[in-house]
Colleague: 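Let me begin by handing over the structure; questions about it come next.
A, B, ... follow the sequence lines: proteins, then strands. Residue 1 opens every chain. Keep in mind that what you see is a predicted model, and the values were worked out from it rather than measured.
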Amino acid sequence: MVNLIWVFMFVIGIVFAMFNGTIGAVNEAIFTGAKEAVTLCIGLISILVFWLGMMKIAENAGMLKILAKLFEPIVKRLFPEIPNEHPAMGYVLSNMIANMFGLGNAATPLGIKAMEEMKKLNNGSNEASRSMITFLAINTSSLTLIPTTVIAIRMNYNSANPTDIVGTTLLATMCSTIGAIIIDRYFHYRRSRKKDE
Amino acid sequence: MGIVSVISMWFIPVLIGFILIYGTFKRIPTYESFTEGGKEGIKIAVSIIPFLVGMLVAISVFRASGALDFLMGFIRPVLEAIGVPAEIAPLAFIRPISGTAALGLTSDLMATHGPDSFIGRLAATIQGSTDTTFYVLTVYFGAVGIKKMGDALKVGLLADLVGISAAIIVVTLVFGK
């Protein structure tokens, strides 16, 4: 699926440029796109090093376990494959909490650790497990309580009340997250039905 | 809203302070733990590079060639028919693919229509209530070496559809046209 989409974007883009006379822009896009990606990753190093360092202290001190125990009853229903008090649960929860507070930069390293733990639970397979799909479905639906970037842009354009979209954002986020969970469940049951046949 | 911005500002420093005090209290070698975890951060950031380069170059090529605009020409009437304002259509389409492009479009919409217009508020709500599905999948699956994504992409994109529809309905109900 991803392979096809990836090739599709390149091939259609190049073919389109031939007819559209935009081959110059495409040439430029190849290099600026690559540069943008590397710049983004280099920018991530500082944040990843700092937060993973902090989280290692939290992990060694047993904080993630406490956090996981606290919220486990709710989140357990979403991730039935993760055993009780497994570190994966702690990372999943701290990723969600960081996301809720709009700390996207802090959430990414935690999410990656959660994925690593879930991969271990899946015997190191290179296939996405059920928990991973659920976890990413929730992540892509966004969990933000306070959309800081958007508020900043609104301030930039002299909005009379930059924060008046917090309420609508919250409602829309709730809908998309609940939607993601339901859609994820549907696909899971479809998969397991296929396996049974 | 005063309280929310105060909490946002204090949250990170207080969290850091709490972790450090708790770690010391539990007699953890805090500084060594920090550097140990930090090393992992470098490894992860470097291992993501190929995934992001591949994805971002493909998206840039697709956009720069004009193919994205061309495709939008077809999708726009369909979206309009189901009640999506024409101005919002490109944003709704790009939001799951490229976070920076979507942010660019959002600020562009606010500059043209004003941040307190219906379009401006709708753009802000869409931007805030969905996430860049392609980026999230690329980074998370890339970092841990998952090659078979299963249903993740389908689920993510359908969830985006729910989020954008919800944003349109909620903003229309709350702020009116």
Colleague: Would you say the side chains of B:Arg95 and B:Thr132 form a donor-acceptor pair under 3.5 Å?
Modeller: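 Per modelled atom types, B:Arg95 and B:Thr132 side chains form a pair under 3.5 Å.
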Colleague: Which residue out of B:Ile169, B:Leu173, B:Val53, B:Leu161 racks up the most heavy-atom pairs below 4.5 Å with chain A?
Modeller: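 Heavy-atom pairs under 4.5 Å are most numerous for B:Val53.
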Colleague: Is a side-chain N or O of A:Trp6 found less than 3.5 angstrom from the main chain of B:Ala58, in a donor-acceptor match?
Modeller: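 No; zero donor-acceptor contacts below 3.5 Å.
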Colleague: Would a 4.5 Å heavy-atom cut-off, applied to side chains only, mark B:Met149 and A:Glu127 as touching?
Modeller: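 With C-beta onward as the side chain, the pair stays apart.
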Colleague: Is there a donor-acceptor pair under 3.5 Å between the side chain of A:Thr177 and the backbone N or O of A:Met174?
Modeller: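 Not a single qualifying donor-acceptor pair exists.
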Colleague: Less than 3.5 Å apart, any donor N or O on the side chain of A:Thr169 or B:Ser129 sitting next to an acceptor on the other?
Modeller: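 Looking only at side-chain atoms, B:Ser129 and A:Thr169 do not form any donor-acceptor pair under 3.5 Å.
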Colleague: Counting only non-hydrogen atoms closer than 4.5 Å, does B:Val174 touch chain A with its backbone (N, CA, C, O), its side chain (CB onward), both, or neither?
Modeller: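 Only the side chain of B:Val174 comes within 4.5 Å of chain A.
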Colleague: Using heavy-atom distances under 4.5 Å, tell me whether B:Asp160 contacts chain A through its side chain, its backbone, both, or neither.
Modeller: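 Interface part for B:Asp160: side chain.
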Colleague: Just so I understand: if I count every heavy-atom pair under 4.5 Å between each of B:Pro29, B:Pro50, B:Ala152, B:Ala123 and chain A, which residue has the most?
Modeller: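 Of B:Pro29, B:Pro50, B:Ala152, B:Ala123, B:Ala152 has the most heavy-atom pairs under 4.5 Å with chain A.
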Colleague: Test salt bridge (Lys or Arg N to Asp or Glu O under 4.0 Å) on A:Glu117 and A:Lys120 and set out the steps.
Modeller: CA-CA 5 Å; A:Glu117 293 295 336; A:Lys120 278 183 209 157; 3.4 Å; yes
Colleague: So what's closer than 4.5 Å to chain B heavy atoms on A:Met115: side chain, backbone, both or neither?
Modeller: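 For A:Met115, backbone and side chain are both near chain B.
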Colleague: Against chain A, work out which of B:Ser165, B:Gly156, B:Gly142, B:Gly54 has the most heavy-atom pairs shorter than 4.5 Å and name it.
Modeller: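 Result: the option with the highest number of such pairs is B:Gly54.
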Colleague: Top residue by heavy-atom pair count (under 4.5 Å) with chain A, among B:Gly163, B:Pro115, B:Ser60, B:Ala45?
Modeller: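 Most heavy-atom pairs within the cutoff with chain A belong to B:Pro115.
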Colleague: Could you give me the CA-CA distance, side-chain angles and deciding distance for B:Phe62 and A:Phe10, then say whether ring pair (Phe, Tyr, Trp, His ring centres under 6.0 Å) is met?
Modeller: CA-CA 6 Å; B:Phe62 193 65; A:Phe10 268 115; over 10 Å; no
Colleague: Just so I understand: if I count every heavy-atom pair under 4.5 Å between each of A:Asn126, A:Leu52, A:Thr32, A:Thr173 and chain B, which residue has the most?
Modeller: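 Answer, by heavy-atom pair count under 4.5 Å with chain B: A:Asn126.
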Colleague: Looking only at side chains, do A:Asp184 and A:Thr134 share a donor and an acceptor under 3.5 Å apart?
Modeller: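 Short answer, yes.
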Colleague: Heavy atoms only, distances under 4.5 angstrom: which of A:Ser159, A:Gly179, A:Pro162 has the most pairs with chain B? Name it, please.
Modeller: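 Ranked by heavy-atom pairs under 4.5 Å with chain B, first place is A:Ser159.
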Colleague: Using a strict cut-off of less than 4.0 Å between a Lys/Arg side-chain nitrogen and an Asp/Glu carboxylate oxygen, indicate whether A:Glu59 and A:Lys56 qualify as a salt bridge.
Modeller: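 Yes, A:Glu59 and A:Lys56 are salt-bridged.
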Colleague: Taking B:Ile126, B:Asp131, B:Thr106 one by one, which has the highest count of heavy-atom pairs under 4.5 Å against chain A?
Modeller: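 Max contact count across the listed options: B:Asp131.
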Colleague: B:Lys26 versus chain A, heavy atoms under 4.5 Å apart: side chain, backbone, both or neither?
Modeller: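 Interface part for B:Lys26: side chain.
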Colleague: With no hydrogens and no angle check, just 3.5 Å: does a side-chain donor-acceptor pair link A:Thr168 and B:Thr125?
Modeller: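 Yes - a donor-acceptor pair under 3.5 Å links their side chains.
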Colleague: With a 4.5 angstrom heavy-atom cut-off, could you sort out which part of A:Asn122 is near chain B: side chain, backbone, both or neither?
Modeller: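 Neither the backbone nor the side chain of A:Asn122 comes within 4.5 Å of chain B.
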Colleague: Given the options B:Val162, B:Thr133, B:Ile168, B:Val136, which has more heavy-atom pairs under 4.5 Å with chain A than any of the others?
Modeller: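 Highest number of pairs under 4.5 Å: B:Thr133.
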Colleague: What part of B:Leu20 gets within 4.5 angstrom of chain A, counting heavy atoms only: side chain, backbone, both, or neither?
Modeller: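 For B:Leu20, the side chain is the part near chain A, not the backbone.
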Colleague: Which answer fits A:Arg130, side chain, backbone, both or neither, if we ask what part of it has an atom under 4.5 Å from a heavy atom of chain B?
Modeller: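 It is neither, since no heavy atom gets under 4.5 Å.
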Colleague: What part of A:Asn139 lies closer than 4.5 angstrom to a heavy atom of chain B: side chain, backbone, both or neither?
Modeller: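 Answer is both: backbone and side chain atoms of A:Asn139 are under 4.5 Å from chain B.
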Colleague: Check each atom of A:Ser46 against the heavy atoms of chain B and say whether the ones under 4.5 Å are side chain, backbone, both or neither.
Modeller: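 When you check distances to chain B, no heavy atom of A:Ser46 falls under 4.5 Å.
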Colleague: Can you confirm whether or not the ring centre of B:Phe70 sits under 6.0 Å from the ring centre of A:Phe16?
Modeller: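 B:Phe70 vs A:Phe16: aromatic centres under 6.0 Å.
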Colleague: Give, as side chain, backbone, both or neither, the part of A:Phe135 having an atom under 4.5 angstrom from any heavy atom of chain B.
Modeller: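 Side chain of A:Phe135 only, per the 4.5 Å heavy-atom cut-off to chain B.
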Colleague: Using non-hydrogen atoms and a 4.5 Å limit, figure out which bit of A:Lys35 sits close to chain B: side chain, backbone, both or neither.
Modeller: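 Contact with chain B: none, neither part.
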Colleague: Applying the side chain to side chain contact (heavy atoms under 4.5 Å, CB included) criterion to B:Leu122, which one of B:Val171, B:Thr172, B:Val170 satisfies it?
Modeller: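 Going through the options one by one, the only one that passes is B:Val171.
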Colleague: Hydrogens and angles aside, do A:Glu116 and A:Tyr91 bring a side-chain donor and acceptor to less than 3.5 Å of each other?
Modeller: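 Note: A:Glu116 and A:Tyr91 side chains miss the donor-acceptor criterion.
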Colleague: Where does B:Thr30 contact chain A at under 4.5 Å (heavy atoms): side chain, backbone, both or neither?
Modeller: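 The answer is both parts of B:Thr30.
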Colleague: If you count heavy-atom pairs under 4.5 Å with chain B, which of A:Ala128, A:Ser129, A:Gly24 comes out on top?
Modeller: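 Top option by heavy-atom pairs under 4.5 Å: A:Ala128.
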Colleague: Taking A:Ala58, A:Ala160, A:Gly33 one by one, which has the highest count of heavy-atom pairs under 4.5 Å against chain B?
Modeller: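 If we count pairs closer than 4.5 Å to chain B, A:Gly33 comes out on top.
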Colleague: Tell me, for B:Tyr135 versus chain A, whether the close heavy atoms (under 4.5 Å) come from the side chain, the backbone, both or neither.
Modeller: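 It is the side chain, since no backbone atom gets that close.
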Colleague: At a heavy-atom distance under 4.5 Å, which candidate from A:Ile57, A:Asn20, A:Thr22 has the highest pair count against chain B?
Modeller: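 The option with the most such pairs is A:Ile57.
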Colleague: What verdict does the salt bridge (Lys or Arg N to Asp or Glu O under 4.0 Å) test give for B:Asp69 and B:Arg63, after you've listed the backbone C-alpha separation in whole Å, the side-chain angles of each residue and the deciding distance to 0.1 Å?
Modeller: CA-CA 7 Å; B:Asp69 288 332; B:Arg63 196 171 55 205; over 6 Å; no
